[in-house]
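Data first, discussion second: the structure below is written as structure tokens.
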Amino acid sequence: MSRYDASTIEPKWQAAWDEAGTFAATRDPAKPKFYVLEMFPYPSGRIHIGHVRNYTMGDVVARYKKSSGFSVLHPMGWDAFGMPAENAAMATGGHPKDWTYNNIAEMKSQMKPMGWSLDWTREFATCDPEYYGQQQALFIDFLEKDLVYRKNAVVNWDPVDMTVLANEQVIDGKGWRSGAEVERRELTQWFFKISDFSEELLEAIDTLKDWPEKVRLMQANWIGKSQGLRFAFERTDGGAPIEVYTTRPDTLMGASFVGISPDHPLAKELEAADPKVAEFCATARKGGTTAEAIETAEKLGYDTGLRVKHPLDPNWELPVWIANFILMDYGTGAIFACPAHDQRDLDFCRKYDLPVIDTFFALNDPKPVEGEAFVPPKSDKVKWVDHFAGLDEATGEEAIAATIDYAEKQGWGKGHTQYRLRDWGLSRQRYWGCPIPVVHCGDCGVVPEKKENLPIELPYDVSFDVPGNPLDRHPTWRDCACPSCGKPAKRETDTMDTFVDSSWYFARFTAPRATTPTVAEDADYWMNVDQYIGGIEHAILHLLYSRFFARAMHICGHLPEKSKEPFNALFTQGMVTHAIYQTRDAEGRAVYHFPEDVEVSESGATLKATGEAVEVIPSAKMSKSKKNVVDPLEIIAQYGADTARWFVMSDSPPERDVEWTASGAEGASKHLARVYRIAAEIAEATGTGEGDEDLLREMHKTIKAVTDGIEGFAFNTSIAKLYGFTNTLSKSKAGAETKKTAMRVMAQLMAPMTPHLAEEVWAMLGGEGLVAEAEWPVADEAMLVEDTVTMPIQVNGKRRDEITVPKDMDKAEVEKLALDTDGVKRALDGNAPKKVIVVPGRIVNVVA
RNA sequence: GCCCGAGUGGCGGAAUGGUAGACGCAGGGGAUUCAAAAUCCCCCGGUAGCAAUAUCGUGUCGGUUCGAGUCCGACCUCGGGCACCA
């Protein structure tokens with residue numbers, strides 16, 4: 001008898017699928033379609049175990065749906081623009097394009113042996129000019145529909161390298177290469193008007209029924225709708241009033257000062273006139289642009305000396321401060337502070353000795369605020385000190401509504417709906433991205449490129465030996481003719497955020513070679529993505545941007561109405577985590593190392609090559625920049641793709657993070673060999689036996705459990721059931737034909753996870769055609785019903801005994817039997833039960 | 001700092017509010033074998049006990065319920081996101 005040998009089986013069946021064109025997606029009007037998509041990878045050059053897990057999940061769904069009669073689209077491509085390619089060029093002197101395409105070739109050669117049912121004929125990379133040219137066409141359409149504009153926004157500026165830094169390149173407020181203190185600097189940049197869609201994007205979240213609740217919540221919070229009051233403080237010097245937005249207008253009587261952002265027009269005006277203000281603003285602008293950096297930085301303020309009048313009391317004057325924690329991007333860039341009911345304001349007022357005025361107390365505890373602000377939930381009733389609108393005891397919500405009403409009636413303020421969501425800044429001052437297809441003309445201003453001139457291709461002859469954007473210093477690339485007047489003009493040198501690339505690739509897969517962004521018939525047939533699978537780390541930005549893009553593409557006629565929400569169902573798989581190994585270079589900067597280069601022992605970790613001690617940082621998301629990635633190729637080489645697939649699907653629930661450990665692959669491999677052995681025995685078996693009915697019952701239960709597991713993304717429980725059925729089958733004494741039937745069904749049920757082995761077993765047992773094309777088995781409901789049931793008997797919630805009774809036995813009868821068990825008698829110790837609860841078919845609980 | 005999750009044996013994990021630990025890995029014992037590999041069988045949360053069994057046990061503390069891993073409240077720890085990592 002031959003033994004299970006993945007290395008001969010796997011290439012054989014992959015060739016068979018290729019020859020039959022099994023996974024090429026075709027529009028078939030006779031069949032329902034199913035579009036399954038996993039978030040496409042960044043071509044780092046090596047697949048890691050997270051990819052294996054992610055794409056195997058999608059493959060299980062794709063193969064299952066194909067068997068269930070759907071015409072399946074399951075494509076693959078490359079999210080190929082981005083910083084790592086430029087970093088590699090800087091580090092090794094190569095070219096981002098060569099680096100990227102080499103990586104793609106390398107990764108593809110690693111992915112092919114996995115046997116994923118991908119339609120490789122649709123493959124593309126976002127750095128292909130054929131792709132980004134269409135993206136440029138979309139940009140021009142968006143410009144025409146007024147979905148894009150230019151404005152100033154802050155970036156991380158490295159004053160030594162004279163270059164813009166990504167957030168990732170700012171470490172503890174300093175530039176990663178220069179080590180210089182980073183400052184926030186304004187630059188004119190391109191923006192998508194995603195905020196115009198705030199309300200629509202928020203409301204439509206309710207329609208995303210098959211998205212995880214946590215993702216919907218995160219998106220709703222991100223959009224951040226709030227109701228508040230907009231009003232202006234009059235200045236005592238007669239200057240332009242300061243407009244503020246507040247969500248707590250009810251606390252206006254507790255106002256302590258008016259604060260403005262260092263980027264507020266008034267701050268800039270004062271900065272120009274007063275060196276002291278300029279000095280403060282320069283300090284306040286130190287550090288990175290992230291919300292985290294701004295919110296955790298020390299709170300700094302500067303009293304401008306300006307005074308404003310309190311809107312409710314013309315004699316009450318408030319000082320105007322510039323404060324580093326106020327964002328110009330949110331609301332009006334100006335606030336009033338109420339320290340008694342906001343911790344940040346309180347800390348600030350204590351620091352600068354500003355007054356703290358209580359506006360309300362807890363109902364039975366009129367204790368003035370000291371070190372901690374009093375911030376009850378807005379739904380709690382509180383006692384008001386002196387509410388101008390005449391409230392005494394009322395909730396925050398009631399008071400806010402009353403205040404807005406009062407302000408509107410008096411005419412000094414207006415109720416306002418505010419969203420936290422900001423417009424999407426897409427400009428990047430970098431080379432390896434999609435060029436923004438506009439031209440700057442001395443006469444015509446900013447002019448979109450003509451579509452017939454697309455794609456605007458990146459020049460190849462660039463260098464990365466000095467910081468900054470190589471497009472800016474290219475000798476000729478910028479030179480062009482103005483599309484409007486024809487005079488000499490200059491190209492835009494900013495490229496697009498890579499989130500743009502990934503915001504419409506799912507639509508492009510429906511017609512990847514088209515000379516327009518999409519083709520109506522293909523988009524109509526294949527959209528939407530029926531099952532999208534990806535990491536939870538993309539819960540907000542990528543998914544929100546894609547939802548915006550789908551709407552914008554619909555407006556421009558590139559997607560049908562139904563695709564405004566492009567992802568019908570979303571599954572967010574957990575991340576594969578791993579410890580990070582790092583050493584430090586001469587300047588004390590972190591240098592990361594791959595796990596396979598590190599020797600880990602009880603006494604610590606060292607580099608295999610040099611024996612240098614390695615710092616071990618606890619498990620974190622696997623990322624190429626931290627090099628804490630595990631190479632699955634070894635498992636594949638040693639055991640085969642099916643073992644790797646079986647193992648990653650069996651080991652943990654797919655939505656949960658998993659800490660990668662190598663143990664277990666061996667066990668998975670043994671199990672597959674066992675299945676092969678049992679199949680080979682059964683293939684040669686003849687004659688009748690006993691227990692055929694029992695085996696068939698178990699088979700139908702297995703069909704149901706495995707199907708439910710796949711449908712519910714609980715692949716690990718499907719696999720547990722398949723383990724159980726393997727045991728049943730190996731012990732069964734049933735007749736040969738029944739066993740063959742059971743084994744063929746097992747091959748079908750295993751096929752989504754271990755497709756090569758399944759084909760082999762299927763062929764061995766005389767299955768017709770390819771198992772990949774066989775119809776999915778359906779459980780016979782009649783075979784699932786049991787006539788007797790074993791019920792646990794509890795006394796006060798603790799299990800004391802059990803009884804096995806007919807399924808439909810009368811409650812009173814069950815109660816009688818239960819009370820008569822030894823375990824119950826022992827627990828009751830002669831006492832009469834107070835109450836007996838019988839849940840038919842499930843449990844009996846005796847209350848003593 | 002703000003938003004969102006997760007926490008169950010040595011390990012990965014299972015469990016419509018109804019027998020906690022299915023299934024697997026690791027470990028222990030046995031069979032087979034000249035021996036080994038491979039395979040097959042049995043045991044496997046802690047404590048006490050020869051055992052039957054009792055008792056404790058799902059991050060911590062409290063609550064709801066006949067009954068809580070599951071629901072509610074507070075907390076602890078870990079993870080993700082925070083708009084230029086992808």
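Only a predicted model underlies this, so the values are computations on that prediction, with no experimental measurement involved.
Checking rC40(B) for Watson-Crick or G-U wobble geometry (two distances, each under 3.5 Å) identifies rG30(B) as its partner. With both pairing distances under 3.5 Å, rG9(B) is matched to nothing as a Watson-Crick or G-U wobble pair. Nucleotide rC2(B) has rG81(B) as its partner under the Watson-Crick or G-U criteria, with both atom distances under 3.5 Å.
Using cut-offs of 30° and 60° for the angle between ring planes, the Phe81(A) and Trp432(A) rings count as perpendicular. Using cut-offs of 30° and 60° for the angle between ring planes, the His51(A) and Tyr55(A) rings count as parallel.
Nucleotides rU47(B) and rC3(B) place their P atoms 44 Å apart, quoted to the nearest Å. Rounded to whole Å, the separation between the C1' atoms of rG62(B) and rG81(B) comes to 32 Å.
Checked by atom type, the side-chain pair Glu38(A)/Tyr532(A) shows no donor-acceptor distance below 3.5 Å. Residues Trp190(A) and Glu492(A) bring a donor and an acceptor atom of their side chains to less than 3.5 Å of each other.
Contact check, Asn167(A) against rA83(B): a side-chain N or O comes under 4.0 Å of OP1 or OP2. At rA14(B), one or more side-chain N or O atoms of Asn716(A) fall inside 4.0 Å of OP1 or OP2 (strictly under the cut-off). Here Lys798(A) reaches the OP1 or OP2 of rC56(B): one of its side-chain N or O atoms lies under 4.0 Å away. Contact annotation: Arg800(A) reaches the phosphate of rU55(B) (side-chain N/O to OP1 or OP2, under 4.0 Å). Between Thr498(A) and the phosphate of rA86(B), there is a side-chain N or O to OP1/OP2 separation shorter than 4.0 Å. Regarding contacts with the backbone of rG18(B), every side-chain N or O of Arg799(A) stays at 4.0 angstrom or more from both OP1 and OP2. Between Asn727(A) and rG24(B) there is a side-chain N or O to OP1 or OP2 distance below 4.0 Å. OP1 and OP2 of rC82(B) both lie 4.0 Å or more from every side-chain N or O belonging to Arg420(A).
The base of rC2(B) is not paired with the side chain of Glu295(A) by any donor and acceptor separated by under 3.5 Å. Not a single donor-acceptor pair, N or O on each side, falls under 3.5 Å between the base of rC3(B) and the side chain of Asn221(A).
The existence of a salt bridge linking Arg184(A) and Asp263(A) is excluded, since no basic side-chain nitrogen approaches an acidic carboxylate oxygen closer than 4.0 Å.
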